[in-house]
Amino acid sequence: MDKATGGQILVEALRAQGVDRVYCVPGESYLPVLDALHDASEIAVVSARHEGAAANMAEADGKLTGRPGICFVTRGPGATHATVGVHTAFQDSTPMILFIGQVARHARDREGFQEVDFRAMFAPLAKWAAEIDSAARIPEYIARAYRVAMSGRAGPVVLSLPEDVLSEVITPPAYAKPISAASAAPRATDLDVFSTMIGAASKPLLVVGGTGWTASSCRNLVEFARRNELPLVASFRRQDLVDNRHDNYCGHLGLGADATLTERLKSADLVVSIGSRLGENTTNGYSLLTPTVPRQALIHVHPEANELGRVYQPELAIACGLADFADALPGVDVAGRDKRTTWLREAREAYLKFSTPAAPTAKYVDMAAVVSWLSEHLKDDALIANGAGNYTVWVHRYFRYRQLRTELAPTSGAMGYGVPAAIAGKLRYPDREVIAFAGDGCFQMYPQELGTAVQHGANVIALVVNNGTYGTIRMHQERRYPGRVVATDIVNPDFVAMARSYGAFAERLETTEGFPAAYRRAAASGKPAVLELIVDPVQLSPAFRIPAA
């Protein structure tokens with residue numbers, strides 16, 4: 001084109017980065033972008049029902065691809081709704097770019113219609129927040145956004161788009177070639193110290209987490225652990241980094257973790273954190289490792305140098321890409337293998353015992369049995385999505401993940417994440433099984449996205465765990481203020497009727513026995529599906545039951 005609008009230039013810049021799908025709720029403030037997308041047939045446009053859901057979808061897409069998920073929203077209310085997805089991308093270290101329509105340049109600082117200073121608003125929520133003030137500089141900002149979102153500790157970037165910049169007509173500038181993350185490799189001297197410290201330990205634990213992994217780097221990590229009799233433990237909601245069936249996998253840290261595992265972490269003589277920030281959930285409120293210098297010797301490997309020593313002062317800090325680190329492990333030899341055999345075997349046996357459910361209860365739907373059945377019958381590449389709530393404890397405890405990037409779960413603890421994330425997963429991988437777990441409260445954050453799923457043919461299966469309460473908060477109420485229930489009871493709609501009104505398949509289940517057949521009917525329906533699971537209202541987690549009145 002001899003001339004192009006800012007909107008066309010923006011879409012062309014995204015095309016140059018290989019973007020094939022964007023999520024949005026349409027808004028008048030970025031109409032030139034929508035118009036340019038009309039002619040970009042290779043870029044699918046998914047219009048969600050709520051900006052929070054659209055942002056969650058983009059975040060999930062970033063998790064699955066390792067490249068920024070793209071979301072467009074309008075100014076003011078659209079941007080404020082989308083903050084939940086940006087916050088999740090930040091805490092989950094997910095590459096994502098949120099584009100926000102903005103008032104025209106001549107109206108700035110007058111509190112025009114829906115005007116917000118998005119640079120100030122998103123400063124604590126994003127890695128970088130900026131406003132593009134010239135159509136000619138759009139490719140420059142896009143290129144920088146990609147580099148920032150993917151490099152170091154990955155995360156979200158927010159770019160504000162004044163509407164007159166998008167409608168400005170200029171000669172198109174040059175576009176950047178596809179950008180990859182900048183990444184450092186570990187130093188040989190660090191690997192020598194790493195090997196020496198592990199060799200001297202008799203009770204080490206390797207805690208793995210973070211983003212930026214590849215399938216081959218995960219295999220290298222597991223093989224290193226196997227070769228050296230090292231227990232591998234997943235940090236909060238990073239269970240898909242290691243095949244849970246492998247003999248060196250010993251469980252997960254975070255909500256609902258096995259008490260024997262947390263005690264094992266306390267008694268370890270060396271903790272090797274590879275990728276995990278060792279955040280609050282992973283460390284049980286910073287109690288399993290105590291700041292600033294933990295009792296256990298600590299090796300901390302992380303792609304972001306600023307995360308090293310932020311909470312814990314490690315004896316060895318290695319700033320490098322996680323894939324680069326794992327890919328160097330085949331050349332690392334560690335002494336003392338035999339002295340760690342019993343330590344590893346005991347940890348593995350404890351995990352197997354913890355993750356094996358007891359016989360299902362006769363009344364209500366037993367979540368342990370449901371999750372265990374899915375774990376046994378789904379394919380290795382099935383995607384499991386969930387939001388936040390006590391129902392997730394059953395998922396994390398009883399589902400055995402087998403493959404990288406099959407767990408779509410917010411470390412931010414955002415309710416409502418599961419269904420939008422599952423939709424993004426199904427659109428990205430239409431031939432894979434995609435399951436969304438959602439509590440009755442969690443599901444009602446974005447139930448309208450069933451319409452998005454139906455419209456775009458995203459045939460996810462949503463399992464709505466219905467106990468008539470905000471279970472996590474009710475549990476805390478019962479522990480701290482027993483019998484004084486306030487604000488946690490929920491009057492629910494008819495979920496089956498709701499789902500069917502959108503054109504989805506739906507069934508209600510009140511006992512465990514009917515689940516396998518119902519699941520198969522849902523999978524064979526050729527539609528998005530909702531299976532409402534009626535669970536025991538007083539069994540709020542696998543380990544907590546409301547005491548009898």
Side-chain angles (χ1 to χ4, degrees), residues 19-25 42-50 52-71 85 88 92 94 96 237 240 371 374-375 377-387 392 395 399 401-410 414 416-438 442-443 445-464 495 498-500 502-507 518-531:
V19 170
D20 60 1
R21 180 175 291 105
V22 301
Y23 294 93
C24 73
V25 173
E42 71 274 34
I43 300 179
V45 179
V46 180
S47 180
R49 305 302 185 262
H50 190 284
N56 282 332
M57 292 173 189
E59 191 278 344
D61 200 49
K63 268 193 175 82
L64 291 171
T65 65
R67 294 186 66 78
I70 304 298
C71 183
T88 294
D92 287 42
T94 304
M96 172 185 173
R237 293 182 169 169
D240 60 347
V371 175
L374 289 170
S375 186
H377 289 86
L378 295 182
K379 296 177 181 178
D380 288 359
D381 64 357
L383 293 175
I384 305 298
N386 63 257
T392 66
V395 182
F399 193 86
Y401 296 86
R402 278 91 75 181
Q403 208 172 96
L404 177 66
R405 293 175 179 163
T406 55
E407 182 178 22
L408 289 172
Y417 178 87
V419 171
I423 292 170
K426 190 66 174 179
L427 292 175
R428 177 57 56 190
Y429 299 112
D431 295 329
R432 290 165 67 172
E433 299 163 295
V434 181
I435 313 300
F437 283 88
C442 191
F443 179 72
M445 295 287 173
Y446 301 116
Q448 68 274 24
E449 298 310 322
L450 286 175
T452 306
V454 170
Q455 180 175 343
H456 293 278
N459 295 337
V460 302
I461 299 177
L463 305 182
V464 179
F495 290 116
M498 174 190 289
R500 289 175 178 170
Y502 279 107
F505 174 92
E507 287 189 22
Y519 177 84
R520 292 187 179 103
R521 287 191 294 271
S525 70
K527 302 177 181 179
V530 170
L531 296 179

Are any of the side-chain heavy atoms of Ile384 and Leu378 separated by less than 4.5 Å? yes
Report yes or no: does Glu449 contribute a side-chain atom to a donor-acceptor pair with the main-chain N or O of Arg49 at less than 3.5 Å? yes
Return yes if some donor-acceptor pair links the side-chain N/O of Arg432 with the main-chain N/O of Asp381 below 3.5 Å, else return no. yes
Treating Glu433 as the side-chain partner and Lys379 as the backbone partner, does any N or O pair qualify as donor plus acceptor under 3.5 Å? yes
Student check: side-chain heavy atoms of Pro410 and Asn386 closer than 4.5 Å: yes
With rounding to the nearest 0.5 Å, note down the distance linking OH in Tyr23 to CE in Met96. 11.5 Å
Over all heavy atoms of both residues, which pair between Tyr502 and Val454 is shortest? Give the atoms and the distance, please. O-CG2, 3.4 Å
Determine whether Tyr446 and Met57 make a side-chain contact, defined as any pair of heavy atoms from C-beta on separated by less than 4.5 Å. no
Look up atom CD1 in Ile435 and atom NZ in Lys426, then write down how far apart they are to the nearest 0.5 Å. 8.5 Å
Kindly indicate, with the supporting measurements, whether the criterion side-chain contact (heavy atoms from CB on, under 4.5 Å) is fulfilled by Tyr519 and Ile461. CA-CA 8 Å; Tyr519 177 84; Ile461 299 177; 3.5 Å; yes
Please tell me if the side chains of His50 and Pro447 come closer than 4.5 Å, counting only heavy atoms from C-beta onward. no
Looking at side-chain heavy atoms only, is the closest gap between Val419 and Phe443 below 4.5 Å? yes
Expected output: side-chain Arg21 to main-chain Leu427 donor-acceptor under 3.5 Å: yes
Which heavy atom in Gly416 sits nearest to a heavy atom in Cys442, and how many Å separate them? N-SG, 3.0 Å
Please answer whether the main-chain N or O of Leu64 pairs with a side-chain N or O of Arg428 as donor and acceptor at a distance below 3.5 Å. no
Taking Asn56 for its side chain and Gly52 for its backbone only, find out whether a donor-acceptor pair lies under 3.5 Å. yes
Apply side-chain contact (heavy atoms from CB on, under 4.5 Å) to the pair Thr94 and Thr88, showing each step before the final yes or no. CA-CA 8 Å; Thr94 304; Thr88 294; 5.9 Å; no
Can you see which heavy atom on Ala424 is nearest to which on Ala60, and at what distance? CB-CB, 4.0 Å
Looking at every heavy atom in both Asp240 and Tyr401, which two are closest together, and how far apart are they? CA-CB, 3.9 Å
Report the distance from atom CZ of Phe437 to atom CG of Leu374, rounding to the nearest 0.5 Å. 5.0 Å
At their closest point, which heavy atom of Ala382 faces which heavy atom of Thr406, and how far apart are they? O-CB, 3.3 Å
Ser525 (side chain) donor-acceptor with Ala522 (main chain) under 3.5 angstrom: yes
Checking side-chain contact (heavy atoms from CB on, under 4.5 Å) for the pair Val46/Ile423: CA distance, chi angles, key distance, verdict? CA-CA 10 Å; Val46 180; Ile423 292 170; 5.5 Å; no
So which atom in Lys527 and which in Gly503 form the shortest heavy-atom distance, rounded to 0.1 Å? CD-O, 3.4 Å
